[in-house]
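What you see is a predicted model; the values in this text were computed from it and never measured. Numbering of ligands and ligand atoms starts at 1, following listing order. Just the heavy atoms: all of them, side chains too, but no hydrogens, waters or symmetry mates, feed the values below.
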Amino acid sequence: MALATATIDFSALRANLARVKELAPNSQVMAVLKANAYGHGLVPIAQQLAGADAFAVARIEEALALRTGGITKPIVLLEGFFKASDIDIMLANNFQTIVHDEYQLAALEQAQLSGQIKVWLKVDTGMHRLGVEPQQFEQFYQRLKGCANVHEQLHLMTHFACADELENSYNQTQLATFTTLVSDKPAPLCLANSAAIINYPQSHGHWVRPGLMLYGVSPVQGKTSSELGLQPVMSLTSEVIAVRRVKKGEPVGYGGHWQASADTQLAVVAIGYGDGYPRHAENGTPVLINGRRYPLVGRVSMDMISVDIGADNQSVAVGDDAIMWGAELGIEEIASCASTIAYELLCNITPRVTYQYLN
Ligand SMILES: *Cc1c(COP(=O)(O)O)cnc(C)c1O
């Protein structure tokens with residue numbers, strides 16, 4: 001009998017991919033599946049995204065797991081390869097690589113290969129995480145063009161630091177830097193993550209790289225997923241395992257962090273940070289039981305949380321389902337109550353949670 005359960009709605013996933021295509025009708029879609037498809041299950045999610053043109057992951061192990069799972073689409077390694085010995089693995093498995101640094105370029109130049117690797121050259125236009133400096137771009141471009149181990153179709157990409165903020169002029173600065181740099185290059189361009197797909201149509205280019213929005217989560221500050229035409233894919237649920245009374249002034253949970261301000265009843269739900277529910281969720285974080293929101297009280301434990309259902313409540317009983325997030329309770333709100341972002345909550349789902357796939 002499963003308690004903590006992540007229910008994954010494939011029809012919502014497919015609808016979100018359709019939404020990406022509606023927003024970026026002239027771009028090919030590289031669906032981002034890193035970190036176990038943002039906690040949704042790598043291979044099952046890939047299997048449902050037949051409409052994507054390519055997949056992207058962050059680690060070669062993730063790419064290999066997709067191939068083992070029978071996925072044949074092109075796979076792009078978003079940070080490229082880290083060791084020269086990975087190049088043979090990339091060639092054998094039809095992985096494409098980002099090149100963001102001299103060590104990768106040198107390894108490609110020195111490799112003895114029986115075929116060619118497709119490369120995406122990444123430019124740092126202002127995020128200052130990965131990418132070649134704008135002043136290095138021409139040299140990298142020419143060396144890749146001249147490298148017999150590199151496929152002649154070079155792709156060019158960059159990444160925005162602040163695309164979730166529509167008003168932030170830094171996005172325009174990055175876009176302008178990139179556009180100027182690549183203007184005379186006959187190469188497909190790829191800039192936009194989910195937030196840029198929504199906020200900056202002028203950044204769409206030949207390829208877009210949606211991650212979060214495919215999972216139905218809002219990538220834009222101040223907008224809900226439904227306002228953006230997205231459908232949440234994951235519901236995280238568990239069950240009430242006890243309903244009990246506490247008296248005014250009695251402390252609840254580790255450290256006696258919260259005390260009842262009046263006599264009340266608590267529902268104890270079988271989910272905790274051992275399942276990936278955030279320990280930093282504050283008092284008052286909503287939990288949905290039988291269609292009503294109730295506040296979390298006391299510290300989140302490894303296996304349980306307590307919810308204040310009120311002194312007179314007769315509608316909550318042991319065995320009832322409790323929803324931590326999902327279609328009726330946005331994960332964006334829960335992330336904000338836990339001082340984090342939805343990305344982290346999704347990635348933190350632990351192996352103890354049972355996955356159930358629908359539609
Ligand atoms: C993770 C990632 C994405 C996807 O970002 P979302 O905000 O989830 O859409 C796109 N590009 C790169 C380089 C990434 O690392």
A.B. asks: Any nitrogen or oxygen of Lys122, side chain or backbone, less than 3.5 Å from one on ligand 1?
C.D. replies: no
A.B. asks: Are any of the N/O atoms on Pro210, whether in the backbone or the side chain, positioned under 3.5 angstrom from an N/O atom of ligand 1?
C.D. replies: no
A.B. asks: Tell me: protein heavy atom nearest atom 14 (C) of ligand 1, and distance?
C.D. replies: Lys34 NZ, 2.9 Å
A.B. asks: Asn290 and Ser315: side-chain hydrogen bond (donor to acceptor under 3.5 Å, both in side chains), yes or no, with the steps?
C.D. replies: CA-CA 8 Å; Asn290 302 331; Ser315 70; 4.9 Å; no
A.B. asks: Which of the atoms of ligand 1 are close to His159, meaning less than 4.0 Å from one of its heavy atoms?
C.D. replies: 10 (C), 11 (N), 12 (C), 13 (C), 14 (C)
A.B. asks: Should one rank Met213, Arg209, Met30 by closest heavy-atom distance to atom 10 (C) of ligand 1, which comes out on top?
C.D. replies: Arg209
A.B. asks: Quick one: which of Thr177, Thr158, Thr179 gives a side-chain hydrogen bond (donor to acceptor under 3.5 Å, both in side chains) with Thr125?
C.D. replies: Thr158
A.B. asks: Below 4.0 Å, non-hydrogen atoms only: which portion of Leu212 touches ligand 1? Side chain, backbone, both or neither.
C.D. replies: both
A.B. asks: Which residue holds the protein heavy atom closest to atom 8 (O) of ligand 1, what is that atom called, and what is the gap in Å?
C.D. replies: Tyr38 OH, 2.5 Å
A.B. asks: Ignoring hydrogens and geometry, is there a side-chain-to-backbone donor-acceptor pair from Gln48 to Leu13 under 3.5 Å?
C.D. replies: no
A.B. asks: Hey, which of Arg129, Gln104, Arg59, His100 is the one that makes side-chain hydrogen bond (donor to acceptor under 3.5 Å, both in side chains) with Glu79?
C.D. replies: Arg59
A.B. asks: Answer yes if the side chains of Ser301 and Asp303 hold a donor-acceptor pair under 3.5 Å, and no otherwise.
C.D. replies: no
A.B. asks: Verify, without hydrogens or angle tests, whether Asp263 (side chain) and Lys248 (backbone) share a donor-acceptor contact under 3.5 angstrom.
C.D. replies: yes
A.B. asks: Can you pull out the closest protein heavy atom to atom 9 (O) of ligand 1? Residue, atom name and distance to 0.1 Å, please.
C.D. replies: Ser194 OG, 2.5 Å
A.B. asks: For the residue pair Trp120 and Trp207, categorise the inter-ring angle as parallel (less than 30°), tilted (30 to 60°) or perpendicular (more than 60°).
C.D. replies: perpendicular
A.B. asks: Which protein heavy atom lies closest to atom 7 (O) of ligand 1, and at what distance to 0.1 Å?
C.D. replies: Tyr343 OH, 2.6 Å
